[in-house]
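Below, all heavy atoms of this structure are taken into account, side chains as well, without hydrogens, waters or symmetry copies. Both counts, for ligands and for their atoms, begin at 1 and track the order of listing. For this chain, numbers begin at 1 and follow the sequence in order.
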Amino acid sequence: MLNIVLFGPPGAGKGTQAERIKDHYSLVHLSTGDIFRFNMKKSTKLGLLAKSYIDKGELVPDEVTIKMLESEVIKYPESNGFIFDGFPRTTLQAKNLDEFLKSKNTAITKMIALDVPNNELIERLLLRGKDSGRADDQNKEVIANRIKVYEDQTAILADYYRLQNKLVSVDGIGTVDEITHRLYSAIDN
Ligand code: ADP
């Protein structure tokens with residue numbers, strides 16, 4: 001199995017690139033943000049809970065997020081592998097993912113980090129907010145909080161995967177196609 005964690009701050013381009021990687025390698029794309037938004041649209045119990053955090057730019061609690069992710073993974077027992085987008089975001093999530101995949105006799109193959117500087121992130125998110133209507137992309141304070149949460153709780157995961165020799169960094173500045181090709185080489189090498 002090929003299991004990729006696509007990593008990077010909000011606005012790094014994870015969702016766009018994950019869709020391409022999914023098609024190229026025939027993987028299942030699991031975006032925790034997309035799953036939360038789907039549930040928010042349907043006003044499920046999970047959606048209402050997630051909304052109370054997402055609207056503030058906070059993380060949804062680990063317990064809820066981990067349970068949801070695991071229930072998604074087991075829907076695809078025949079898959080070639082997964083591209084995880086937006087998960088893990090905390091050390092506890094990363095440890096749980098390792099244990100969970102181990103119980104399925106598989107593991108994370110690589111973590112690919114998309115590097116994009118903060119000033120570029122804020123511009124991209126505000127632009128996306130205009131097109132997508134995502135409320136969390138339209139408010140500068142919420143964006144700033146998401147970047148802070150990333151720096152405080154998520155960025156450290158690069159070290160977690162570096163210690164396992166699984167971290168590869170990719171320059172996230174350039175055209176969408178250029179970045180896709182950098183990602184393919186990072187996966188293939
Ligand atoms: P972005 O990468 O632009 O922040 P996402 O779609 O990945 O967008 O996530 C949107 C929001 O969903 C996050 O700000 C957070 O509140 C919540 N979320 C997504 N993934 C997780 C996760 N793994 N753990 C906790 N909260 C999450």
Legend entry - Selection residues 72-89 - residue pairs positive for salt bridge (charged side-chain N to carboxylate O under 4.0 Å, His left out), sequence neighbours left out: E72-K75
Legend entry - Nearest heavy atoms of A186 and V168, plus distance in Å: CB-CG1, 3.8 Å
Legend entry - Ionic contact status for K95 with D98, cut-off 4.0 Å: no
Legend entry - Parallel, tilted or perpendicular: ring planes of H181 versus Y184, cut at 30 and 60 degrees: perpendicular
Kindly print each ligand 1 N/O atom paired with any protein N/O atom under 3.5 angstrom away, one pair per line, or none if nothing qualifies.
unit_1   : atom_1 : unit_2 : atom_2 : d
ligand 1 : 2 (O)  : K14    : NZ     : 3.1
ligand 1 : 2 (O)  : R89    : NH2    : 3.4
ligand 1 : 3 (O)  : R128   : NH2    : 2.8
ligand 1 : 3 (O)  : R146   : NH2    : 2.9
ligand 1 : 4 (O)  : R89    : NH2    : 3.1
ligand 1 : 4 (O)  : R146   : NH2    : 3.3
ligand 1 : 6 (O)  : R37    : NH1    : 2.8
ligand 1 : 6 (O)  : R37    : NH2    : 2.9
ligand 1 : 7 (O)  : R89    : NH1    : 3.1
ligand 1 : 7 (O)  : R89    : NH2    : 3.4
ligand 1 : 8 (O)  : R134   : NH2    : 3.2
ligand 1 : 16 (O) : E58    : O      : 2.6
ligand 1 : 20 (N) : T32    : OG1    : 2.7
ligand 1 : 20 (N) : G86    : O      : 3.3
ligand 1 : 20 (N) : R89    : NH1    : 3.1
ligand 1 : 23 (N) : G86    : O      : 2.8
ligand 1 : 23 (N) : Q93    : OE1    : 2.9
ligand 1 : 24 (N) : Q93    : NE2    : 2.9
ligand 1 : 26 (N) : V60    : N      : 3.0

Inset, instruction - State which residues pass side chain to side chain contact (heavy atoms under 4.5 Å, CB included) with I173; sequence neighbours excluded, sorted by chain then number. - result: V116, P117, E120, R124, D171
Legend entry - Residue pairs involving residues 109-119 (criterion side-chain hydrogen bond (donor to acceptor under 3.5 Å, both in side chains); sequence neighbours excluded): N118-E151
